[in-house]
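In listed order, ligands and their atoms are each counted from 1.
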Amino acid sequence: MPQLVEYIPIVGQAVIDDLMLAADRLKDKTVQMVNSTAVGGGVAEILNRMVPLLKEMGINIRWDVIRGGAEFFSVTKKFHNALHGKKEDITQHDFDIFMETSRVNIEQLEIAGDIIYIHDPQPAALVTKRAGNKWIWRCHIDVSRPDKVVWNFLNGFIEKYDAVVFSSPDFSQTLPMRQFLISPSIDPLSDKNKDLPPEMIDAVLNKYQLDGSRPIITQISRFDRLKDPVGVIEAYLQVKKRVDCQLVLAGGTAADDPESVHVFEEVREKAQHDHDIHILLMPQNDLEVNALQRASTVIIQKSIREGFGLTVAEALWKAKPVVASAVGGIPLQITHKYSGLLCHSIEGAAFALKQLLNAPEYARKLGENGREHIRNNFLLTRHIRDYLLLFLSLYQTENVIFF
Ligand code: UDP
């Protein structure tokens, strides 16, 4: 695990000094992070990197994961979809399952912190245990158009929190407490993002039987309908009529996402007649994901909804040209025609992919701009600074907060 000093060449000494200053003022506080999975998906990805660094900075922090069975995670997946605006058939029985698992977690999960930081809806009900400490609800979901029934149900818990954090201004809601805008981040020194020797990239190409001499379009994502893997195949098929290229759809499953197995099967079926489509069900393997991103000519992220889209930041950090849907937190990362291309449809995605494959110099420039944009805005050090300032602000009694 990289130490804090190793970030100095990337972000500068002043950034690290500021972090240490803020951390010093939180030395007497304990922080507890709670989410619903230790691996898979963006939240686990961030916590795996952030918690050890905060520890190194002297913050007394722990990370707990709630427990839940398949039924609970089927319900929370429906909630997840509904909060993203998808029509879901949610019954009283579903709410009862959510409440029952929440009850068990409330009973069994030890809450031990001055600041309790709850990620996403799955553990939201833990706030019932509130006792003189500060509670933050961190929403990683694109709730720009949430299903009202699910939102109102969750709101019963959310309104008990001291602060709520969203990834994009578009997601803010009418709530009685302060709301904060904090975007997620990537760790430039993690196995997922660090520089790799060319031999390692070649080895991964060989392992997955990819041809390094022809263009490769890649989407790395959980097999989730909101990531639109079938739409990616359709866009690729339009591109393929003009450019001889390959498509990689690589993803794993997350412990809290039971739908992914079915989506994976759908995608495999759709791809079965084209040998240039590679559907990779990858175990959690950060080095391989890194190598695949680096081996790709263009990265696509054709999400239908997206809280932030770490995969976009990961690709841009590798100076890759990216085509991504203009949804959720993606436009924070991509300024159209400057740091990537935004799209709104399958046809739009296909058009943008062809444009990048046919103009390598333009593609290179977009990738370079994207890398600088990520360096300035979406690296872990900025994210940690925002969290520390948020924690400090919880103890500020005045209305005005100077960030
Ligand atoms: N990821 C991975 N392996 C996979 C699929 C995804 O390591 O098979 C990682 C991906 O590189 C990114 C994170 O999981 O770091 C996904 O975060 P994102 O915000 O893109 O989407 P989420 O899954 O949280 O909706």
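Between Cys343 and Gly348, the shortest heavy-atom contact is CB-C, 3.8 Å. Taking both residues in full, the closest heavy atoms of Ile90 and Ala82 are given as CD1-CB, 4.0 Å, listed atom of the first, atom of the second, then distance.
Among Ala315, Ser303, Gly252, the residue whose heavy atom lies nearest to atom 4 (C) of ligand 1 is Gly252. With Arg222, Gln301, Lys192, His84 as candidates, the residue nearest to atom 1 (N) of ligand 1 on a non-hydrogen basis is Lys192.
Within 6.0 Å of the CZ atom in Phe351, the count of heavy atoms belonging to other residues, nucleotides or ligands does not exceed 12.
Applying the 4.0 Å criterion to heavy atoms of Gly42 picks out, from ligand 1, the atoms 13 (C), 16 (C), 17 (O), 22 (P), 23 (O), 24 (O). Each of the following atoms of ligand 1 lies closer than 4.0 Å to a heavy atom of Glu45: 15 (O). Less than 4.0 angstrom separates some heavy atom of Glu314 from each of these atoms of ligand 1: 10 (C), 11 (O), 12 (C), 15 (O). Heavy-atom contacts of Gly309 reach the following atoms of ligand 1: 19 (O), 20 (O) (cutoff under 4.0 Å).
Geometrically, ligand 1 and Ile220 share no nitrogen or oxygen pair separated by less than 3.5 Å.
Taking the centre of each ring, Phe166 and Phe180 stay at or above the 6.0 Å mark.
Ligand 1 lies nowhere less than 4.0 angstrom from a heavy atom belonging to Gln293.
At a threshold of 4.0 Å, the pair Arg385-Asp18 does not count as salt-bridged, since none of the basic side-chain nitrogens sits closer than that to a carboxylate oxygen.
Counting heavy atoms closer than 4.0 Å to ligand 1, residue His140 contributes nothing at all.
None of Asp224, Asp94, Asp120 except one satisfies the salt bridge (charged side-chain N to carboxylate O under 4.0 Å, His left out) rule with Lys77; the exception is Asp224.
Panel note: side chain Gln333, backbone Phe308; a donor-acceptor pair is recorded below 3.5 Å.
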